[in-house]
Amino acid sequence: MSRALRALRYLVLLVLILVSTVAMTLFYYLQGSLPVLEGNHIVPGLRAKVDVARDDYGVPTLFGTHREDIAFGLGFLHAQERFFQMDLLRRQPAGELSALLGAGSLTADRQRRPYQMRALAGRVIADAGVRQRSIIESYTRGVNQGLQTLSQPPFEYLLLQSEPEPWVPEDSVLVMLSRSVNLHEQTLDRALSLEALHRHLPEDWSRFMLQDRGEWDAPLDDNGSPALSSLPTTPLQDWGVSDRRSHALPRIGLPGGDALAVSGAFTEDGHALLASNDYLPLELPATWYRARWQLLESGHRATGLTLPGNPIMFNGSNEQVAWTFTNTLLPAADIIRLQVRDNTYLTADGWEPFRVQDESIAIRGSSPQVMQTRHTRWGPVIGQDDEGRWLALRWSALSTEGVDLTLLDMENVTTIAEALQYAEAGIPTQNLVVADRAGDIAWSLAGPLPGEGVGSAPLAGADLTTNDSEWWNRERPTLLGRDHLWLTGHRTLTTHPALQRGDHDLGVRGQQMRDQLLNLEQASEQALLDIQLDDGALLHERWRAHLLALLEQINVNLNASLLAELESDEPLRARPDSLAYPLVRAYRQAVLERTLGPVYAQLAERSRVFDVRHVLRQVEYPLWALTNEAPESALNPAFDNWEALWEDALLAAMDATSNELGPLTWSQQNDGAWRHPLSQWVPALAPALNLPADGLPGDYYMPRIQGPQLSASQRMVVAPGREHEGLFHQAGSQSGHPISPYYRIGHSDWLNANPAPLLPGPARYQMSLFPQR
């Protein structure tokens, strides 16, 4: 054998040895970081034994004598199944992601570090009641014991070459604050965008483009819709819109949730029914961790959803009352414009010095960065406006009034009256919907309510005399004695002052849910789930009619199957096999980008703080008015007439929804890829960590919200006292470990709309935690 062949042979052998070593090491760590499913375990920090039974889906039932011990057991499970997710959730609001993930997270950390949420979390723990603090501390001990019981740290830390840091009680508050960040941070600068629109558009155009009420409203008080603002008369060319044919705009889709409730008057056995969902960006592991627990002495049971990192059951039922919280999209913050002189700023009481503090941001693999933060009596300084004036942020999430641990007691309520008392809990402003075993349902606004003018425009700090107690509205709207409730991101009431502002959703989804709910002669769990799964494209029906009318005027060759579906009498639906829905949807978007797109582009060029996402939720009103009326003064100057604009939009839509083989189905365009966060940083692991990007039915403007960026994260339907009939859907599974037996379970059920029972099934694995004596 030649020397070269021998060298090649040794090289191949060496590569095989290295690959085998790496594979064996990885397998060793993966196996060692798997959660413990069975056996008896003696652990410190526990008062009495906790038994844990897991079913085929990995859903645990915990049995314990004390609520503190249940919290310990839940913390143990959360840490073993989801610690990396918990770690991200505590670091995100605190501005500490870079210490774990590296410099790629530095921008986010620099944005959030001025919030000083870790210090706030410490104050919340210090102010908590004795029972609340005891539960949080027991949960913390459970988390740390769950970590220590693993043979190896969670696998993500092996890949990041890092060690998980112990949990502390403040971290559980930070997990709660992550909800405020995820739900409200994107809308904090809405006031600046609104001001830019008012400043840079003629008055008739700004009034016309900011309509936020109309025919699609579906309020619970049903006071009708106001007349739409008149069409603008100022020609576009008069204020400088260039001959831009179109301008790409983002798709609408911000986190939120829906809820339905039916009183016992419309159910077979008189129990009220509650259905809810949360729509969030698709992610692995699942946002929520399902759990059920029972206190052995009292027999008290609770079933529902927990957020890894916190022992609160946020949505659930205790056999007497069921409750859910959904996002309201109400303003939660004010932007305050400062007048600055040296190191002071002007208040109604005179000049006041900034509180200056250095924040050291740790960065994995690099030296720490120090940023100087400035703080006012209202909150942190967050940046500058278009004219270079400094801005401060006053946000409910930055005060102990905006976050507390009151919801720990929600699971003990026995009546609707008791449940509604928790509307004053310190949480992001939410819709609280409750249903009880006696058959009653109710709604109220929970969390701090914005006072008059909050979030409507930047305020002048020099003139601001209101204190925090005046900033928030103390009049809390509540609806009792109703037989039906429907809550989406739309305006819930037309009369209450706290609900007159906000970045409300178009009410079309609420209309669909309301109409189907009111048409039910008798409600059931499956009937409410069917409403949640409705993929009817109600909003797009008139756009289909407009497209068909256009086809009669122009010469465009459409695929025969596509044309047949367009002309069908069947309602338009976002079905996976639909050819018509994606075309109509793309046509509406293309018309938008050719009519109002250039206007938004001009605003973005004139204002560095304008963010179009904050003014698009109700864009259907001005968009359809222009399309329906076709006023010459509002025509995009890049086109000779409206027919030319519509034809160009149709051609663009056809191009966007087809390939060389013909038109694409909706499933080919609406794929839902569930991605583990680590797959972004280690793409080679994507096949092992991510779930398939299957085509999904549904879309944003309908009850069945499902798409690549945003999807219902869970659907739950329950009647208190009849939990055994409850239904549940979840996007993703209980476990965050890729070789866990639960990591992929439930994915096909989600895609095919096969609901699982709400209650855990028979135990497949059993484990007991014993206190160390």
Side-chain angles (χ1 to χ4, degrees), residues 67 70 74 132 135 176 179 183 220 256-264 267 271-278 287-294 300-307 310-328 404-447 476-482 484-488 492 523 525 528 532 713-723 725-728 758-759:
R67 180 61 176 91
I70 294 292
L74 185 65
Q132 295 167 353
I135 291 174
M176 294 180 66
R179 294 282 287 166
L183 295 176
L220 294 174
D258 301 332
L260 299 169
V262 182
S263 78
T267 64
H271 293 215
L273 268 170
L274 175 64
S276 69
N277 69 40
D278 292 274
T287 299
W288 302 103
Y289 186 86
R290 298 174 60 190
R292 177 174 170 84
W293 53 75
Q294 178 176 340
H300 178 77
R301 290 182 286 266
T303 306
L305 303 177
T306 66
L307 189 62
N310 193 284
I312 293 173
M313 185 169 284
F314 288 93
N315 293 349
S317 178
N318 64 10
E319 301 183 358
Q320 300 298 321
V321 177
W323 64 93
T324 190
F325 294 91
T326 67
N327 198 24
T328 62
D404 61 35
L405 298 173
T406 305
L407 283 187
L408 275 169
D409 299 321
M410 183 71 160
E411 66 194 63
N412 298 317
V413 299
T414 58
T415 66
I416 277 187
E418 290 179 12
L420 290 176
Q421 294 178 11
Y422 290 91
E424 297 185 6
I427 57 174
T429 309
Q430 303 271 282
N431 293 302
L432 168 61
V433 187
V434 290
D436 71 8
R437 190 169 185 155
D440 294 321
I441 59 175
W443 162 84
S444 185
L445 281 180
R476 194 172 298 279
T478 300
L479 289 179
L480 291 162
R482 300 287 293 263
H484 301 89
L485 292 170
W486 56 93
L487 282 299
T488 66
T492 311
E525 286 82 356
L528 263 61
Q532 292 179 307
S713 61
Q714 61 83 20
R715 301 184 187 97
M716 182 175 69
V717 189
V718 62
R722 203 173 65 207
E723 283 80 1
E725 298 289 340
L727 301 175
F728 188 80
L758 176 65
L759 291 185

pair Leu408-Met313: side-chain heavy atoms closer than 4.5 Å: no
For the student: nearest non-hydrogen atoms of Val434 and Met410, plus distance: CG1-CE, 4.4 Å
Residue pair Phe314, Leu305: steps toward the side-chain contact (heavy atoms from CB on, under 4.5 Å) verdict: CA-CA 6 Å; Phe314 288 93; Leu305 303 177; 5.7 Å; no
Heavy-atom pair with the smallest gap, counting every atom of Thr267 and Leu273: CG2-CD1, 3.9 Å
Intermediate values then yes/no, side-chain contact (heavy atoms from CB on, under 4.5 Å), His300 and Asn412: CA-CA 8 Å; His300 178 77; Asn412 298 317; 3.6 Å; yes
Side-chain H-bond candidate by donor/acceptor type, Ser317 with Glu723, under 3.5 Å: yes
Residue pair Val717 / Gln532, side-chain heavy-atom distance below 4.5 Å: yes
Thr478 versus Ser444, closest heavy-atom pair with distance: OG1-OG, 3.1 Å
CD on Gln320 to CG on Asp436, rounded to 0.5 Å: 8.5 Å
Check against side-chain contact (heavy atoms from CB on, under 4.5 Å), Leu274 and Leu260: CA-CA 6 Å; Leu274 175 64; Leu260 299 169; over 6 Å; no
Cation-pi check, Arg290 onto Phe728 ring (under 6.0 Å, within 45° of axis): yes
Any donor-acceptor N or O pair under 3.5 Å, side chains Asn431, Thr326: yes
Side chain Asn318, main chain Val413, donor-acceptor under 3.5 Å: yes
Flag for Asp278-Gln714: side-chain donor and acceptor within less than 3.5 Å: yes
Thr488 side chain to Asp258 side chain, donor-acceptor N/O pair below 3.5 angstrom: no
Closest contact, heavy atoms only, Ala302 versus Glu411: CB-CB, 4.4 Å
Side chains of Thr306 and Trp293 in contact at under 4.5 Å (non-hydrogen atoms): yes
Distance in Å, Thr303 OG1 paired with Asn315 CG, rounded so as to fall on 0.5 Å steps: 13.0 Å
Spacing of CG belonging to Leu432 relative to CG belonging to Leu445, to within rounding of 0.5 Å: 9.5 Å
Full working for side-chain contact (heavy atoms from CB on, under 4.5 Å) between Leu487 and Leu220: CA-CA 8 Å; Leu487 282 299; Leu220 294 174; 4.2 Å; yes
Euclidean distance, Leu74 CG relative to Ile312 CD1, rounded to 0.5 Å: 11.0 Å
Neighbour count above 12 (heavy atom, 6.0 Å) for Glu424 CD: no
Heavy-atom pair of closest approach, residues Ser263 and Ile441: N-CD1, 3.9 Å
Side chain to side chain, Asn327 and Gln430, heavy atoms closer than 4.5 Å: yes
Side-chain touch Leu307/Tyr289, heavy atoms, less than 4.5 angstrom: no
Nearest heavy-atom neighbours spanning Val262 and Leu528: CG2-CD1, 4.1 Å
Rounded distance [0.5 Å steps], CE in Met716 versus CG in Leu758: 6.5 Å
Lys/Arg N to Asp/Glu carboxylate O, Glu319 vs Arg292, below 4.0 Å: yes
Side-chain heavy atoms of Phe325 within contact of Leu407, under 4.5 Å: yes
Non-hydrogen side-chain atoms of Trp323 and Tyr422 separated by less than 4.5 Å: no
Gap between atom CG of Leu405 and atom CE of Met176 - 0.5 Å precision: 6.0 Å
Heavy-atom side-chain contact between Val433 and Ser276 under 4.5 Å: no
